[in-house]
There are 2 protein chains.
Amino acid sequence: MATKTELRRQELRETLIMIAERTIATQGLGALRARDLAKEAGCAVGAIYNVFGDLTDLALAVNARTFHRLGADVAAALADAPEDPVEQLVIMAQAYHHFAAQNHLSWRALFDVERAEGETAPDWYLAEMGQLFAYISDPLAVIFPAYDSAERALLTRALFSSVHGIVLLGLDEASAGVPSDDIDRMIALVLRHMTMSS
Amino acid sequence: MATKTELRRQELRETLIMIAERTIATQGLGALRARDLAKEAGCAVGAIYNVFGDLTDLALAVNARTFHRLGADVAAALADAPEDPVEQLVIMAQAYHHFAAQNHLSWRALFDVERAEGETAPDWYLAEMGQLFAYISDPLAVIFPAYDSAERALLTRALFSSVHGIVLLGLDEASAGVPSDDIDRMIALVLRHMTMSS
DNA sequence: ACCTATCATTGAACTGCGTTCAATAATTGA
DNA sequence: TCAATTATTGAACGCAGTTCAATGATAGGT
């Protein structure tokens, strides 16, 4: 009772995610339209709703992939980084910046899907976020061994948020566009100052 | 040839801005609807388009006011601040945070109006932003007298972006909501570390 | 004060969107 | 092979922003 239908849906699900991923990457979240999607996938508009609750669910599925790629990029940068924990932080943050710059529309979509009133972020989002926070927290534990975990959590969040803010405003082309090198420089500036033990 | 019509339009323009301001403040940018607006203002839907190019223009007019109130709040906080330039930065940043917290939906609308493809930010936006940057840059000139204006501009932008990022993610209720005190603490943490001369 | 050419206002209609659901087609166990 | 069940379809619905032909107001010349 499950095979034929289940398989078809699985396939359609992946097709739709791939198309949506490409659409978001090249034209942004706002270009995601049910009819275009159906036409490209060669299915009926209604078929989308057999597989996803609504278009937001589809966008979230794309976001899960994007966030995962982002995490992988940061992890890869960390793997190639030197021992020095401050340098590790700088390299990870710049990897975050470069991912955002090279996947601008997909990265924006991570924050632009509107959640229904009072709805909390999906689990995978919190999990990926937790992973990123862990990458940051580990070097901080080396730099500030005297901090307890609550203080370190606060500092972790502060650093992530700061880097995110620098990248967000830096890539916002409305405000005349900040050169990529300047963004890297601001990131390094903040991180190096924030991690001076004195 | 200008009086009667011109006056009526001026009045309608202000009425619409006031209604839109209230709508955005209480229900968010997404609740701004042409028909509701016309009903509340007691005019035809088409009348909105005699006065504003489209609903985005109206939202931008509201944003101009919001941004101005924000600037005034920051300026007021600075006026009451002690001489110490580091404390001035902390107090201004916390004023930014408190404005964002107490005018959450209006503040979000500042960044959520979507600009048409390739369109640059309006002049008043850049002007208000420049004003905020000036408030930050002045104390920095006291703290780091040796920096040239390019270095100081970079640091100014880095600090503003960091504080903005901390407030943005801190107020994002999807990520489980960060306590207001923690946000203030993160702001102070970043600013005090960033402004240690050593 | 009137008249009419000009301009402003109106709201029904147009387009485009996400989403639904009665009708149709496919599937599957007997 | 054949119903009973289940899945798919796409025309239709509701609700946005925006437009524009028809209606109403305005103002300068007489």
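Bear in mind that the values here come from a model prediction, so they are computed numbers and not experimental data. Lettering follows sequence order; numbering is per chain, from 1. These values consider heavy atoms only, across backbone and side chains, with no hydrogens, waters or symmetry-generated copies.
As rounded to whole Å, 13 Å separates atom C1' of D:dG17 from atom CG of B:L58. Protein atom NZ of A:K39 is 16 Å distant from nucleotide atom P of D:dT9, rounded to whole Å. Put simply, CG on A:D54 is 9 Å from C1' on C:dT19, counting in whole angstrom units. If you take CD of A:E114 and C1' of D:dA16, they are 13 Å apart, rounded to a whole angstrom. At whole-Å resolution of the value, CZ in A:R13 and P in D:dA7 are 16 Å apart. A straight line from CZ of A:F52 to P of C:dT20 spans 16 Å, rounded to a whole angstrom. As a whole-Å value, the separation of B:E6 CD from D:dA27 P is 11 Å. Residue A:E11 contributes atom CD, which lies 16 Å from atom C1' of D:dA7 at whole-angstrom precision.
Taking a cutoff of 4.0 Å between a charged side-chain nitrogen and a carboxylate oxygen, A:R185 and A:D182 qualify as a salt bridge. Remark: A:D172 engages B:R115 in a salt bridge, criterion side-chain N to carboxylate O under 4.0 Å.
For B:Q88 (side chain) and B:E83 (main-chain N/O), a donor-acceptor pair under 3.5 Å exists by modelled atom type. Between the side chain of A:N63 and the main chain of A:A109, a donor-acceptor pair closer than 3.5 Å is present.
Judged by closest nucleotide on DNA chain D, A:A44 is the one of B:T56 and A:A44 placed further toward the 5' end. Nearest-nucleotide mapping onto DNA chain C: of B:A47 and A:L32, the residue sitting toward the 5' end is B:A47.
The shortest distance between the side-chain N/O atoms of A:R8 and the OP1/OP2 oxygens of C:dA26 is not below 4.0 Å.
Across all non-hydrogen atoms, the minimal contact from A:F52 to A:A61 is CE2-CB, 4.1 Å.
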Polar pairs (N or O, both sides) under 3.5 Å between protein and nucleotides 21-25 of chain C?
none

Pick out the pairs of N or O atoms, protein on one side and nucleotides 13-15 of chain C on the other, that lie under 3.5 Å.
from	atom 1	to	atom 2	distance (Å)
C:dA13	N6	B:R35	NH2	3.3

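Across all strands shown, B:L12 has no heavy atoms under 4.0 Å from either base or sugar-phosphate atoms.
Side-chain atoms of B:R9 lie closest to C:dA8 of the nucleotides D:dT9, D:dT18, C:dA8. Among D:dA16, D:dT8, D:dT9, the nucleotide with an atom closest to any side-chain atom of A:C43 is D:dT9.
A donor and an acceptor atom, one from each side chain of B:D184 and B:H98, are located under 3.5 Å apart. A donor-acceptor contact under 3.5 angstrom links the side chains of A:N103 and A:R69, judged on distance only.
Between A:H97 and A:W107, a ring centre-to-centre spacing not shorter than 6.0 Å is recorded.
With rounding to the nearest 0.5 Å, the separation of OG1 in B:T195 from NE2 in A:H193 is 8.5 Å.
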